[in-house]
Amino acid sequence: MLTSAVKSLRRQRAEREKPEPPGRPAIAAAARRLFVERGYARTTIEAIARKAGYAVPTVYFHFGSKAAIVGYLMEQMEAEEIVPEFQKSLQGADPIRMLEGTAHIARLSCERWWDLVVLLRSSGRNDPALTKATKRLEDGRLYGLSTVAEALALGGHLRSNLDARRATDILWTLSSEDTYQRLVVERGWTHDEFEMWLAQVVKRELLPHESSTSGL
């Protein structure tokens with residue numbers, strides 16, 4: 001399972017790294033800035049074109065819709081932040097490294113892409129295309145966390161009262177965007193504090209006591 005997961009991620013990354021038409025990154029970056037400034041609903045394709053310095057037909061040619069731009073931004077997030085860090089965390093199947101890597105990914109994905117998370121939460125309910133994008137993001141996160149949990153179970157690293165499914169549920173809850181919002185956005189924790197706390201907690205919850213303290 002672990003080997004197949006890594007191979008799958010490598011194939012996905014290779015697909016994303018193929019040359020793309022000029023203009024797409026600039027248009028997506030302009031759209032992202034406008035989504036933050038104006039909100040998703042009040043941002044028009046025409047405004048995105050002006051911000052990016054392209055003609056309106058060019059924006060439609062590359063993306064076709066605002067939701068497609070959001071999907072592209074999600075792919076950027078996965079390619080730049082999640083996939084490389086996930087691959088590193090799985091190397092050697094070391095339990096401490098995997099869980100600390102999980103905490104690091106949770107921190108990076110929220111720290112650098114929180115505006116995208118907020119957009120999906122605020123506008124996804126009213127736009128079927130964004131609802132699909134949200135589900136894809138959540139499905140990808142669940143896949144990654146379940147891969148970590150299954151690797152821990154196969155390696156005999158989980159506490160005796162846990163199986164891979166329960167470990168997945170614990171990782172899913174503790175590393176969620178809701179936890180980030182409560183601690184960082186609402187309570188003012190720094191990103192370093194959040195990542196350190198999350199790494200400590202998931203190791204304590206999932207690993208035998210002697211293993212969970214060895215990486216601290």
Side-chain angles (χ1 to χ4, degrees), residues 1-13 16 74-114 116-117 134-216:
M1 174 65 184
L2 185 59
T3 301
S4 63
V6 172
K7 289 181 178 179
S8 175
L9 286 168
R10 286 174 177 167
R11 285 195 299 270
Q12 293 173 25
R13 188 179 184 187
R16 294 188 186 100
M74 287 173 52
E75 290 177 358
Q76 272 192 318
M77 176 179 70
E78 292 171 354
E80 294 174 8
E81 311 290 356
I82 297 176
V83 173
E85 292 298 329
F86 188 61
Q87 289 177 342
K88 284 196 297 185
S89 72
L90 294 180
Q91 292 173 358
D94 176 75
I96 298 295
R97 184 173 189 170
M98 280 191 279
L99 292 177
E100 290 179 348
T102 298
H104 188 57
I105 291 169
R107 177 252 181 93
L108 285 181
S109 60
C110 288
E111 179 182 10
R112 300 184 185 177
W113 297 89
W114 184 246
L116 184 59
V117 173
T134 302
K135 186 177 187 306
R136 177 188 163 191
L137 186 65
E138 292 296 277
D139 287 348
R141 193 167 75 87
L142 183 60
Y143 170 78
L145 295 176
S146 63
T147 298
V148 170
E150 289 171 12
L152 292 171
L154 287 172
H157 302 301
L158 290 177
R159 287 167 47 184
S160 58
N161 62 332
L162 294 178
D163 58 15
R165 181 177 179 83
R166 183 55 59 89
T168 299
D169 293 344
I170 292 171
L171 288 172
W172 174 264
T173 300
L174 291 173
S175 65
S176 70
E177 292 90 355
D178 289 323
T179 304
Y180 174 88
Q181 179 172 331
R182 293 287 185 267
L183 296 179
V184 178
V185 178
E186 297 177 8
R187 298 300 301 165
W189 285 30
T190 68
H191 291 100
D192 287 341
E193 289 171 337
F194 172 74
E195 181 179 343
M196 183 178 297
W197 169 83
L198 181 56
Q200 291 173 344
V201 171
V202 294
K203 286 186 287 187
R204 185 172 68 239
E205 289 296 317
L206 299 186
L207 305 181
H209 180 70
E210 61 274 12
S211 299
S212 64
T213 56
S214 62
L216 299 180

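Values in this document were obtained by computation on a predicted structure and should not be read as measured data.
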With a 4.5 Å cut-off on side-chain heavy atoms, are [Y] and [X] touching?
X	Y	answer
Phe86	Thr147	yes
Asp163	Leu158	no
Ile82	Leu108	no

Apply salt bridge (Lys or Arg N to Asp or Glu O under 4.0 Å) to Arg159 and list each qualifying residue two or more places apart in sequence or on a separate chain. none
Name all residues meeting the salt bridge (Lys or Arg N to Asp or Glu O under 4.0 Å) criterion together with Glu111; count only those two or more places apart in sequence or in a different chain, and write none if there are none. Arg107
Might you point out which heavy atoms bring Glu177 and Cys110 nearest each other, and give the distance in Å? CG-SG, 4.0 Å
In short, Val202 meets Ala199 closest at the heavy-atom pair CG2-O, 3.4 Å
Salt-bridge criterion met for Lys88 and Glu85 (N-O under 4.0 Å):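 Counted as a salt bridge, because a side-chain N and a carboxylate O are separated by less than 4.0 Å.
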Under 4.0 Å between a side-chain nitrogen and a carboxylate oxygen: does that hold for Arg136 and Glu78? yes
Partner set under side-chain contact (heavy atoms from CB on, under 4.5 Å) for [X], not counting sequence neighbours:
X	value
Arg182	Glu186
Thr179	Ser176, Leu183, Phe194, Trp197
Leu142	Thr168, Trp172

Of all residues at least two apart in sequence or in a different chain, which pass the side-chain hydrogen bond (donor to acceptor under 3.5 Å, both in side chains) check with Ser160?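 Once residues adjacent in sequence are excluded, Ser160 has no partner under the side-chain hydrogen bond (donor to acceptor under 3.5 Å, both in side chains) criterion.
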